[in-house]
Amino acid sequence: TAFVWTEEGAMELKLSQEFLTENDCYQAGRKIVPKGIMVHSTGVAQPDPQGFIRRWNKPGVEVCVHAFVARDEVIQTLPWNWRGWHAGRGTLGSANNTHISFECCEPAGHTYQGGTMIGYDPKKNQGYFEKIYENAVDLCAKLCRDYALDPLEPGVVLCHAEGFQQGIASNHADVLHWFPKFGKSMDDFRAEVARE
């Protein structure tokens, strides 16, 4: 299924569905009442969401998100109100039980060492980042509208790193290892979601 979401004053968002029906998380079929949205990035230089979809759409894969945000599209991989496997566990529980999740696909051309991007060129990747960021903002705005979520309310829209700081996710740096390379913070992101 594919459709384009538009609203007066909003950007156009190309959204399609390719549910990970063979993934154990999908097979479990557990439901949640969405209380927020957790923003992730893949932590690997792979701009094509199909690479993840192919690897994750099988049994024995212990990760599953609701969507992948690519440069030109968003692909939904779980129903929004199903429990994903994206946050891990923190000292106070897991955002898996409360938050819709999506992965922002990172561009090709870099590697990682100790959680740090190596060989990443922000100038070269400016256009790529702007499209990913715009699609992520638009997706969050749509989900906030659909689930009556206030993106400016604390804990509603956060990234994996913030989830760890709040005790509801495992220790990951995303997206605070990437967004600041372009002068963007999660506060900026939340404000732009609220404007949309």
Side-chain angles (χ1 to χ4, degrees), residues 1-5 13-90 93-118 120 128 131-133 135-136 138-140 142-143 146-147 157-161 163-164 168-175 177-178:
T1 319
F3 60 93
V4 175
W5 175 72
L13 180 67
K14 181 183 175 194
L15 179 61
S16 62
Q17 293 177 336
E18 291 184 47
F19 289 160
L20 301 177
T21 57
E22 301 302 313
N23 186 289
D24 293 338
C25 176
Y26 183 94
Q27 292 287 322
R30 291 184 57 193
K31 305 289 192 299
I32 64 168
V33 175
K35 305 283 187 204
I37 302 160
M38 184 170 279
V39 183
H40 300 268
S41 69
T42 56
V44 64
Q46 171 55 277
D48 182 5
Q50 290 299 331
F52 295 99
I53 290 169
R54 282 191 297 274
R55 283 196 308 273
W56 292 11
N57 195 21
K58 58 186 174 185
V61 178
E62 296 187 4
V63 64
C64 195
V65 292
H66 294 86
F68 288 93
V69 174
R71 180 181 184 142
D72 299 317
E73 64 180 335
V74 172
I75 301 175
Q76 183 184 359
T77 50
L78 271 181
W80 302 124
N81 67 336
W82 284 29
R83 184 181 188 271
W85 293 350
H86 61 93
R89 186 162 189 81
S94 178
N96 290 342
N97 299 317
T98 53
H99 284 63
I100 296 169
S101 60
F102 62 83
E103 294 276 2
C104 295
C105 292
E106 297 181 12
H110 63 281
T111 59
Y112 276 89
Q113 185 175 352
T116 301
M117 290 175 142
I118 305 297
Y120 185 80
Y128 180 93
K131 287 298 295 173
I132 290 286
Y133 186 86
N135 285 340
D138 289 346
L139 177 59
C140 272
K142 176 195 178 340
L143 292 169
D146 290 351
Y147 289 95
V157 174
L158 45 89
C159 71
H160 197 144
F164 172 70
I168 58 171
S170 58
N171 190 4
H172 282 236
D174 56 321
V175 295
H177 72 298
W178 187 23

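Here the structure is a predicted model, which is why all the values come from computation and not from measurement. Nothing fancy with the numbering, it's 1 onward along the sequence.
Applying the side-chain hydrogen bond (donor to acceptor under 3.5 Å, both in side chains) rule to Arg83 yields the partners Asn97; only residues at least two apart in sequence or on another chain are considered. Residues passing the side-chain hydrogen bond (donor to acceptor under 3.5 Å, both in side chains) test with Tyr147, sequence neighbours excluded: none. Partners of Lys58 by salt bridge (Lys or Arg N to Asp or Glu O under 4.0 Å), not counting sequence neighbours: none found.
Closest approach of Pro79 to His66, counting heavy atoms only: O-CD2, 3.2 Å. Counting all heavy atoms, side chain and backbone alike, Phe164 lies closest to Ser170 at CB-O, 3.3 Å. A pairwise comparison of heavy atoms in Ala95 and His86 identifies O-NE2, 3.8 Å as the closest pair. Among all heavy-atom pairs drawn from Leu143 and Ile37, the shortest one is CB-CD1, 3.7 Å. In terms of heavy atoms, Gln50 sits closest to Ile75 at NE2-CD1, 3.5 Å.
At distances below 3.5 Å, at least one donor-acceptor pair connects side-chain atoms of Thr77 with backbone N or O atoms of Val65. In this structure, the side chain of Glu22 does not engage the main chain of Pro59 through any donor-acceptor pair within 3.5 Å. Without hydrogens or angle criteria, Asp24 side chain to Glu62 main chain gives no donor-acceptor distance under 3.5 Å. Checked by atom type and distance alone, the side chain of Glu103 pairs as donor or acceptor with a backbone atom of Thr42 at under 3.5 Å. Judged purely by atom type and a 3.5 angstrom limit, Asn96 uses its side chain to pair as donor or acceptor with the backbone of Ala87. No donor-acceptor distance shorter than 3.5 angstrom exists from the side chain of Gln46 to the backbone of Ala108, with no hydrogens or angles considered.
When only modelled atom types and interatomic distance are considered, Ser41 and His160 share no side-chain donor-acceptor pair under 3.5 Å.
Centroid-to-centroid, the aromatic rings of Phe19 and Trp82 stay 6.0 Å apart or farther.
For the pair Trp85 and Ser94, the minimum side-chain heavy-atom distance is 4.5 Å or more. Considering only heavy atoms from C-beta on, Leu78 comes within 4.5 Å of Cys64 through its side chain.
More than 12 heavy atoms of other residues, nucleotides or ligands sit less than 6.0 Å from atom CZ of Arg55.
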